2 protein chains.
Amino acid sequence: MKTPTIQDVAQHAGVGVGTVSRVLNNHTAVKPATRETVLKAIADLNYTPNPHARRIAGGKSYTISVLLPVLTTEFYARLLNGLENAFQEARYDLAIFPLLDRSRLERYLASHTLAYQADGLVMATYNLTKVFHERRLQTRQPTVLVDAYTDDSDCSYMDNLTGGTLAGAYAATLPGTLYAVWVETELDQLFTTRVFEERRTGFHAALEQAGRRVEAEYTASFDTLAARNTATALLDDVAAKANGFPCTVFASADLLAGALMDEARVRGLTLGQDVRIIGFDDQPWAAARGLTTLHQPVEAMGYEAAQLLLSRLGGYRGPPRASRFEPHLIVRDSS
Amino acid sequence: MKTPTIQDVAQHAGVGVGTVSRVLNNHTAVKPATRETVLKAIADLNYTPNPHARRIAGGKSYTISVLLPVLTTEFYARLLNGLENAFQEARYDLAIFPLLDRSRLERYLASHTLAYQADGLVMATYNLTKVFHERRLQTRQPTVLVDAYTDDSDCSYMDNLTGGTLAGAYAATLPGTLYAVWVETELDQLFTTRVFEERRTGFHAALEQAGRRVEAEYTASFDTLAARNTATALLDDVAAKANGFPCTVFASADLLAGALMDEARVRGLTLGQDVRIIGFDDQPWAAARGLTTLHQPVEAMGYEAAQLLLSRLGGYRGPPRASRFEPHLIVRDSS
DNA sequence: TTGTATGCGTTATCAG
DNA sequence: CTGATAACGCATACAA
């Protein structure tokens with residue numbers, strides 16, 4: 001049994017294909033009665049329009065491509081949820097393209113790829129608009145950046161500067177020497193995010209404001225092992241000082257903070273006393289482990305990104321818009 | 001400037017569209033000379049065929065859908081790599097659909113979704129063929145299961161039974177009492193994987209074979225927090241026993257093993273002496289932390305899955321085939 | 001070996 | 001308001 005086409009529906013409803021198409025797209029007034037008939041036929045035949053044909057016909061395919069870094073973190077799961085919810089309401093489908101490495105990106109940029117054939121593009125964390133430009137790949141589709149910021153397209157972003165500031169301001173109120181751990185992200189010129197850079201700027205600004213400064217800073221790449229090693233190195237260094245403890249550490253990602261908590265525990269240090277730790281992300285486990293951290297409204301950010309894109313798809317033509325979201329500090333036992 | 005179509009190429013090359021299409025699809029003999037001309041025209045115009053049009057024309061879209069669980073683990077990154085490599089060689093594109101929850105699955109199953117419109121389907125870890133059947137959604141596309149096993153479709157899977165057996169056989173040679181930690185996966189009837197069940201079966205069989213048995217078993221869901229809590233509970237229990245140490249623990253996933261290593265360290269237990277730990281996965285950090293574990297040829301498994309699907313796409317009609325891969329034990333310091 | 005015509009499922013245009 | 005019919009970009013039988 002073949003899948004029903006718009007022809008079948010038209011026949012079943014005793015109308016022309018044009019009419020069916022019109023009810024499908026909520027077009028110009030269709031007589032309520034005939035609309036009902038068509039809707040019933042659609043239901044009867046369990047018909048769903050073919051997105052490829054839609055796209056071919058010059059219409060829309062009702063699919064959005066999402067380009068994002070490898071999804072090994074909770075952040076992107078939450079982000080996808082926010083995006084999904086918004087797009088689903090608007091009856092759009094999502095196709096996800098994890099940017100594993102540069103060669104994958106190259107392929108996505110080849111215009112034959114589905115990624116490039118969707119009605120709209122969501123780029124998460126990375127700002128690839130530059131690349132598109134260089135390749136003279138004028139993006140015909142509207143694009144929105146999420147978790148990243150640029151002047152020349154819509155974006156929905158977290159204010160990591162404020163996040164860093166909040167962390168710094170809070171850290172400044174705590175006793176003992178100050179340390180910070182940052183995330184290394186310069187894998188490749190293309191794959192660069194300013195997220196951690198901004199957290200750092202904000203953090204330092206707040207510290208300066210309070211007349212304090214960090215004793216030392218550390219950098220780790222974003223993986224379990226690096227987090228552990230850095231935690232070890234940091235606490236080794238602190239322990240080697242005359243009066244290293246108490247100290248306060250701002251770890252710019254919960255992954256790093258978690259490793260620090262582990263390491264502190266191994267050394268018999270009391271959290272919130274010998275060592276105070278501030279994370280960033282508010283991962284699902286943060287509450288249970290009592291980690292003081294910055295919570296980000298990730299879903300909301302994704303949802304908003306979707307709205308921005310949907311308005312463009314709806315025909316909105318205006319200057320690029322930027323929706324800013326603020327993280328907020330959640331104080332728990334670790335500090 | 002519009003993107004070039006097959007018409008433009010034909011015109012530019014001074015041939016008919018049919019000829020262009022033929023060279024595009026490596027069809028029946030095209031005179032080498034004209035083939036060259038066409039190829040040059042294609043290059044000149046930077047032409048790439050429109051996948052939607054291809055699909056509509058009754059042909060193929062050269063895209064494969066991959067349905068997989070949320071990508072928060074290294075396993076799926078590696079799997080995707082294997083799949084990508086194989087499909088790329090065959091000039092197929094991949095669209096990834098993370099199965100966040102049941103409602104998402106429902107939507108993917110709605111036939112209008114792109115997921116369902118691809119030339120082929122790869123289902124990772126979960127066997128969704130049952131669901132397809134129940135819905136009477138006869139999958140028109142060829143489907144391959146990876147990291148899962150079923151009788152009625154091609155699959156490329158890891159022999160987790162053997163993995164468990166290897167772990168059990170090795171554990172049986174170690175001194176002290178035996179413990180095991182399993183992963184809870186029964187989130188939903190749909191989302192069920194037999195992976196851990198099989199590891200368990202193999203493990204017990206090997207133990208029995210060696211005339212040994214586990215003192216106690218534990219179950220944790222697959223997340224950092226649960227892993228920690230279980231590790232704590234397990235070591236608490238062991239410590240409460242008269243002669244609990246030395247002991248050996250088979251953690252059926254490296255995530256769990258890592259948590260155990262942490263916890264053991266906190267308690268001042270010596271790994272490979274007081275506590276011996278065997279993991280499963282060989283995560284990137286396992287070597288550095290000296291974790292004895294089962295290594296899986298994940299990329300190879302993905303690559304093979306792709307080959308199976310490609311052969312079906314190439315017209316192969318035969319009974320379902322199953323490609324089996326074996327994990328192997330890597331002994332390190334933790335045991 | 002190659003060009004032409006037809007069809008794929010929709011949307012959009014245009015008469016009615 | 002609605003029904004034909006022409007695109008859309010491509011593959012493919014069919015004819016040459």
Side-chain angles (χ1 to χ4, degrees), chain A residues 2-39 41-42 45-63 91 111-114 116-117 119 140 313 315, chain B residues 2-39 41-42 45-63 91 111-114 116-117 119 140 313 315:
Chain A
K2 289 179 73 281
T3 55
T5 76
I6 197 171
Q7 293 280 0
D8 303 325
V9 176
Q11 202 156 3
H12 189 92
V15 301
V17 289
T19 306
V20 178
S21 179
R22 265 172 294 238
V23 340
L24 240 33
N25 299 284
N26 305 324
H27 256 332
T28 52
V30 178
K31 190 161 62 176
T34 52
R35 163 181 294 277
E36 284 310 313
T37 325
V38 171
L39 251 25
I42 289 178
L45 271 50
N46 192 23
Y47 162 80
T48 51
N50 179 325
H52 299 289
R54 283 185 140 173
R55 180 84 177 157
I56 269 306
K60 350 186 67 177
S61 62
Y62 289 93
T63 53
R91 317 189 106 259
S111 56
H112 70 279
T113 298
L114 232 46
Y116 201 72
Q117 297 275 357
D119 296 343
R140 291 174 286 293
L313 291 171
Chain B
K2 288 179 75 277
T3 54
T5 74
I6 198 171
Q7 293 280 1
D8 302 325
V9 176
Q11 202 156 4
H12 189 92
V15 300
V17 289
T19 307
V20 178
S21 178
R22 255 157 284 183
V23 340
L24 240 33
N25 300 285
N26 306 324
H27 253 331
T28 52
V30 178
K31 190 161 64 177
T34 51
R35 163 181 293 276
E36 284 310 313
T37 325
V38 172
L39 250 26
I42 288 177
L45 271 50
N46 192 23
Y47 163 80
T48 51
N50 180 325
H52 299 289
R54 284 185 137 175
R55 179 90 177 148
I56 268 307
K60 355 187 62 177
S61 62
Y62 289 93
T63 53
R91 318 188 107 261
S111 57
H112 69 279
T113 298
L114 231 46
Y116 201 72
Q117 297 274 356
D119 295 343
R140 289 175 285 293
L313 292 171

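Naming: A, B, ... by sequence-line order, numbering from 1 per chain. Predicted, not measured: the structure shown is a model, and the values here were computed from it.
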Colleague: Reckon T5(A) has a side-chain N or O less than 4.0 Å from the OP1 or OP2 of dC8(C)?
Modeller: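 Negative; the distance criterion is not met.
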Colleague: The side chain of T19(A) is closest to which nucleotide in this list: dG9(C), dT2(D), dA11(D)?
Modeller: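 My answer, after comparing the listed nucleotides, is dT2(D).
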Colleague: Using a 4.0 Å heavy-atom cut-off across all strands, classify S21(B) as base, sugar-phosphate, or nothing.
Modeller: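 Answer is base: heavy atoms of S21(B) come under 4.0 Å of a base.
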Colleague: Rounding to an integer number of Å, can you tell me how far R55(A) CZ sits from dT11(C) P?
Modeller: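 Spelled out: CZ on R55(A) to P on dT11(C) is 13 Å.
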Colleague: Can you tell me how far P of dA7(D) sits from CZ of R54(A), to the nearest Å?
Modeller: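 Going from CZ in R54(A) over to P in dA7(D) covers 22 Å.
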Colleague: From the list dT12(D), dG3(D), dG3(C), which nucleotide is the closest neighbour of the side chain of V15(A)?
Modeller: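 Taking heavy atoms from C-beta onward, the closest nucleotide is dG3(D).
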Colleague: Side chain of R22(A), base of dG3(D): donor and acceptor closer than 3.5 Å?
Modeller: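 Check passes, donor-acceptor contact within cut-off.
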Colleague: Is there a side-chain polar atom (N or O) of N50(A) under 4.0 Å from OP1 or OP2 of dC8(C)?
Modeller: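 For N50(A), the contact criterion (side-chain N or O under 4.0 Å from OP1 or OP2 of dC8(C)) is not met.
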Colleague: Whole-Å distance between dG9(D) C1' and I42(B) CD1?
Modeller: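 Atom-to-atom, I42(B) to dG9(D), this comes out as 14 Å.
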Colleague: Look at the side chain of V30(B) and decide which nucleotide, out of dT2(C), dA5(C), dG7(C), has an atom nearest to it.
Modeller: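 Of all the options, the side chain of V30(B) is nearest to dT2(C).
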Colleague: Using atom CG of D8(A) as one end and atom C1' of dG9(C) as the other, report the distance to the nearest whole Å.
Modeller: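 The distance from CG of D8(A) to C1' of dG9(C) comes to 10 Å, rounded to the nearest Å.
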Colleague: To the nearest Å, how far apart are H52(A) NE2 and dT10(C) C1'?
Modeller: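 In whole Å, dT10(C) C1' lies 13 Å from H52(A) NE2.
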Colleague: Please tell me which of A53(B) and K31(B) maps to the more 5' nucleotide of DNA chain C, matching each residue to the nucleotide holding its nearest heavy atom.
Modeller: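 Here K31(B) is the residue nearer the 5' end.
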Colleague: Take the protein atom CD of Q7(A) and the nucleotide atom P of dT10(C), then report the distance between them rounded to whole Å.
Modeller: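 Checked: the CD to P distance equals 9 Å.
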Colleague: How many Å lie between CD1 on I56(A) and C1' on dA11(D), as a whole number?
Modeller: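 Value for this atom pair: 12 Å.
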Colleague: Would a distance-only check, ignoring hydrogens and angles, find a side-chain to backbone donor-acceptor pair under 3.5 Å from R22(B) to G18(B)?
Modeller: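 It does hold such a pair.
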Colleague: Working to the nearest 0.5 Å, report the span between NZ of K60(A) and CG of N25(A).
Modeller: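 Reported to 0.5 Å precision, the distance equals 9.5 Å.
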Colleague: Check the distance between dC1(D)'s P and E36(A)'s CD and give it to me in whole angstrom.
Modeller: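 After rounding, the gap between these two atoms is 15 Å.
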Colleague: Can you tell which of I6(B), T37(B), L24(B), D8(B) makes a side-chain contact (heavy atoms from CB on, under 4.5 Å) with I42(B)?
Modeller: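 By the side-chain contact (heavy atoms from CB on, under 4.5 Å) criterion, I42(B) pairs with just one of I6(B), T37(B), L24(B), D8(B): L24(B).
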Colleague: Identify the heavy atoms of R54(B) and Y62(B) that sit nearest to each other, and give their distance.
Modeller: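 Where R54(B) meets Y62(B) most closely, the heavy atoms are NH1-CD1, 3.1 Å.
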Colleague: For Y47(B), report the nucleic acid contact type (base, sugar-phosphate, nothing); a contact means any heavy atom under 4.0 Å.
Modeller: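 Sugar-phosphate, no base atom in range.
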Colleague: Is the shortest side-chain heavy-atom distance between Q7(B) and V20(B) below 4.5 Å?
Modeller: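 They are not in side-chain contact.
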